[in-house]
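Start at 1 and go down the list; that is how both ligands and their atoms are numbered. Only a predicted model underlies this, so the values are computations on that prediction, with no experimental measurement involved.
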Amino acid sequence: MSPTENAAAGDPLPNLFGADRERLRDILAPMTSRAYHATQIYRWIYARRETGFAAMTDLPAGVRDALGSGYRVAWPRIASVSESGDGSRKYALALDDGLLVEAVYIVYGERITLCLSSQVGCPLACRFCLTGTMGLVRNMNAGEIAGQVASIARDRDLDPARVRIVFMGMGEPLNNYEAVMDAFRILTDREGFRIPPRRVTLSTAGLVPGIERLSGEDPRPRLAVSLAAARDDLRDDLVPINRKYPLAALMEACRRYPLAPRDRVTFEYVLIEGVNDADEEADRIARLVRGMRAKVNVIPYNETGIPGLRTPPAERAVRFRGRLEKRGVPSTIRWSKGRDISAACGQLVTRPVGGPSGGAPGTI
Ligand code: SAH
């Protein structure tokens, strides 16, 4: 369908936000013979985040007009914001079809981290995670993924080049590999958002082929793996994808992940009272990561109403971490931010109210 037909049908014009250079070149081909116009547009869209073609003054008026009548530049719209007492903010962002995703703005002292979603819902159904209860609604596209940064940067008046990015929101990033990597390239491109690749971390529940594929990318994000258990019987239950890619294969892929000089693979370990918080489990983690450049992030389980799962007392988390350190494993306890606004790890979940044909989107 041509852009004009699209417009005539009353649908929104095709969105350029998310397009890479090659796609921009293809779109511009009928409008101009000059290849550098694609680079100029790329900069307008991603470095300056300009949404009006009229403002793109270094482009010939004819090109601007042609773009304006056939295309638009747009990123997800903020449907609602909840502000936490700790300064974090949870954004519900509306996609074009009315579905909602959540992204979180997190402040640690001077540091700002944006936690991004990669899918609406998630297919992996980890026992402790609320997003998993939604199932996979759909994949997000590259523009929607990178657009979360545009949306929050505009709202907070932030220079995106200064933030850290974690793909730790809704969804399994390696289950939506192409779109996530397309977004990663836009976010890290020197003519795009200019975020240094080393400040971007991708977290996976353990999709081994995805980790292997990521190993071959350059640039690539830093790797985090949601471990949750250090033995297969328990991990099969907590992180069902483990039945397909058991710990031995997962750890092997992690060992092969190419690391920058001072970098390490992060293992996130959601600590659940009476389930995986025994001293022996810390010892098992230490055995798993022996000889590896690894660190462990202990995340005390955030209660989400899932029956039988409880947050351990703070002393338990401290003891668990101490045990890891004693076994030579660098570790930290990540006391989740934004718990009071349900923006913490494992608490992101949305439900559309209405949908493509109208009605205000909402969250639960
Ligand atoms: N699917 C990817 C990206 C999501 S990251 C992944 O699993 O890595 C979300 C992180 O929050 C994961 O490390 C997960 O283990 C953790 N998490 C999920 N539910 C949680 C909960 N209720 N409390 C604390 N951490 C949780």
For [X], does the [atom1] atom sit with more than 12 other heavy atoms under 6.0 Å from it, leaving out its own atoms?
X      : atom1 : result
Arg255 : CZ    : yes
Arg23  : CZ    : no
Arg256 : CZ    : yes

(request) Check Asn302 against ligand 1 and report side chain, backbone, both or neither, counting heavy atoms closer than 4.0 Å. (result) both

(request) Heavy-atom distances under 4.0 Å are what count here, so tell me which part of Thr204 touches ligand 1: side chain, backbone, both or neither. (result) backbone

Considering non-hydrogen atoms of the protein only, which is the closest contact for [atom], and what is the distance?
atom                    : value
atom 19 (N) of ligand 1 : Gly346 CA, 3.0 Å
atom 4 (C) of ligand 1  : Gly169 O, 3.6 Å
atom 15 (O) of ligand 1 : Phe128 CE1, 3.5 Å
atom 13 (O) of ligand 1 : Ser226 OG, 2.6 Å
atom 25 (N) of ligand 1 : Cys345 CB, 3.3 Å

Measure from the side-chain N and O atoms of [X] to the backbone N and O of [Y], and report whether any donor-acceptor pair falls under 3.5 Å.
X      : Y      : value
Ser203 : Met168 : no
Lys90  : Ile341 : yes
Asn302 : Arg339 : no
Arg220 : Leu214 : no

(request) Measure from atom 1 (N) of ligand 1 to every heavy atom in Glu172, Arg127, Glu268, Met168 and give the option owning the shortest one. (result) Glu172

(request) Examine ligand 1 and decide if any of its atoms is less than 4.0 Å from a heavy atom belonging to Gly171. (result) yes

(request) Pull out every atom of ligand 1 sitting under 4.0 Å from any heavy atom of Tyr301, numbered as shown with elements. (result) 21 (C), 22 (N), 23 (N), 24 (C)

(message) Distance under 4.0 Å to a non-hydrogen atom of Ala205: what atoms of ligand 1 satisfy this?
(response) 6 (C), 7 (O), 8 (O)

(message) Taking distance alone, with N or O pairs closer than 3.5 Å, would you say Ser203 contacts ligand 1?
(response) yes

(message) Hydrogens and angles aside, do Glu172 and Thr204 bring a side-chain donor and acceptor to less than 3.5 Å of each other?
(response) yes

